[in-house]
Amino acid sequence: MERIPAPLLQVQEVYKEFPLPGKQVLHAVNGVNLNINAGECLAVVGESGCGKSTLARMIARVEPLTKGKVCFQGKAIETLQGEALRQLRKQMQMIFQNPAGAFSPRMKIGAFLREPFVNHKILSRKDASDKARQLLLSVGLPEEYANRYPHQLSGGELQRVAIVRAMALQPLLLICDEPTSALDVSIQQRIIALLDHMRQEYEVSLLFISHDLALVNHFSERIVVMYLGFIVESMPSVQLGREAKHPYTRALLQAVFQQGKDRREKIHVLDGEPPNPIDLSPGCPFQQRCPHPQKQCKEVMPLLREIAPGHLTACHLVPGH
C-alpha cells in the first residue's frame, strides 16, 4: 500500500484566549484543526474579527497559543525557544498586511534584504549586498532601490520587497496575512501574481489569510471559512461557488460582485454583526445571523463533519449532521 505523506503543517485543537479586566475572557480562536500539505495553498477567509489573523500569528509563533498543538514537519513547534526557534524562522516566513510596518524607517532597503543572509551566516556582508540587488531585480525593482529608505517607496513596492525577503531563504511555508488589503486595487493583482510566481518557482506552501473570497478562489487549492473563531466550512476551492453549504459561506459568496454580473442584480449583504466573543452563547455561533435557525441551533454546537470527500461543514441544517 502506498504511504500517504504527512502534512507539512498540522494545527490541532488550537485555542487563543485574551484575558480582559474583570476576569473576562475574549475567545479569539476556538478549537481549530487544519492541515497544509507540501506545495499547497490553503486560504483562510472570514470577516474582520473572525480570528483568522490571530490563527496565522500563532502558527508563525508571533502570538503564543492558549491551548493546542502546532506541528511543522512532524515536530511540535509551540514551545520552541532560542536556536531551535531561530532555525524554524528559516523554514517558515510571514508577510504582514501593512508593508510599511515590516520595515525600520532608519534601515535602507538593501540592509533589510541583506539581513537574513548575514544573521543566518549564509553569505558574507558583501555577497549579501550583491544578493539584495539581485532580489530587487527579480521582482522588477531597480537595484538602486537598495540605497533608498522605506518612505521613498510606494506601498506596492514595499510589499514586493517584503515578499522577496520572505522568500530569500527559500522557506517551506509562507504565511500571508492579508498582504494585499492595504494596497490599491490596481496593485493587488500584481502582488498576487508575484506570490503565485514565487510559489511555483520555490515550491513553497502558502497559508493565505483574506476576507476576499473572490481573490483567493483563483489561486488556492482549499478554502477554510472562519466565523467567530470557529471553522464553519472547509472545501476544495473549485467547489466553492456551487457546493458551499454553510449559510455563512453562502452569504459571503452572495456579497461578492463579479465581472459580467447584471448591474441590476442585487448584492446581498450579510445583516447584523457577529456576537460578542467575550460571552459566547450555547449552540451554533452563527445562529443570531442565520436566515433559518432551528431549535437545535440554539442549544447544540454543530460539529465540523465531512459531508463529501474533502468537504467539511459545521451546520445542523446540512444533511449528514
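Count residues from 1 along the sequence. If you're wondering where the values come from, they're calculated on a predicted model, not measured in any experiment.
- The pair Glu63-Lys16 meets the salt-bridge criterion, with a side-chain N (NZ, NE, NH1 or NH2) lying under 4.0 Å from an Asp/Glu carboxylate O.
- Within a 6.0 Å sphere centred on CD of Gln239, other residues, nucleotides and ligands contribute more than 12 heavy atoms.
- When the shell of 6.0 Å around CZ of Arg250 is examined, it contains more than 12 heavy atoms from other residues, nucleotides or ligands.
- Electrostatic pairing of Glu221 and Arg199 counts as a salt bridge here, judged by a charged N lying under 4.0 Å from a carboxylate O.
- Salt-bridge check for Arg160 with Glu157: failed, with every basic side-chain N at 4.0 Å or more from each acidic carboxylate O.
- Taking the ring centroids of Phe286 and Phe230, they lie at or beyond the 6.0 Å cut-off.
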> Could you go step by step and tell me if Ser210 and Glu178 meet the side chain to side chain donor-acceptor pair (under 3.5 Å) rule?
Replying inline: CA-CA 5 Å; Ser210 180; Glu178 304 224 37; 4.8 Å; no

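- Looking only at atom types and distance, the side chain of Gln91 has no donor-acceptor partner in the side chain of Gln87 under 3.5 Å away.
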>> For a side-chain contact (heavy atoms from CB on, under 4.5 Å) check, start with the C-alpha distance between Asn33 and Glu13, then their side-chain angles and the critical distance, and finish with the verdict.
In response: CA-CA 5 Å; Asn33 294 279; Glu13 286 295 313; 2.8 Å; yes

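- Between Glu78 and Arg61, no side-chain nitrogen of the basic residue sits less than 4.0 Å from a carboxylate oxygen of the acidic one, so the salt-bridge criterion is not met.
- Hydrophobic clustering of Ile, Leu, Val, Met, Phe, Trp and Tyr side chains at less than 4.5 Å, counting indirect connections, unites Phe72 with Leu85.
- Taking the six-membered ring for Trp and thresholds of 30 and 60 degrees, Tyr248 and His246 have ring planes more than 60 degrees apart, a perpendicular arrangement.
- Salt bridge status for Glu47 with Arg289: present, with a side-chain N to carboxylate O gap under 4.0 Å.
- Across Thr249 and Ala244, no two heavy atoms sit closer than the pair CG2-CB, 3.7 Å.
- Across all non-hydrogen atoms, the minimal contact from Asn276 to Ile278 is OD1-N, 2.9 Å.
- Here the closest heavy-atom approach between residue Pro247 and residue Pro291 is recorded as CB-CD, 4.2 Å.
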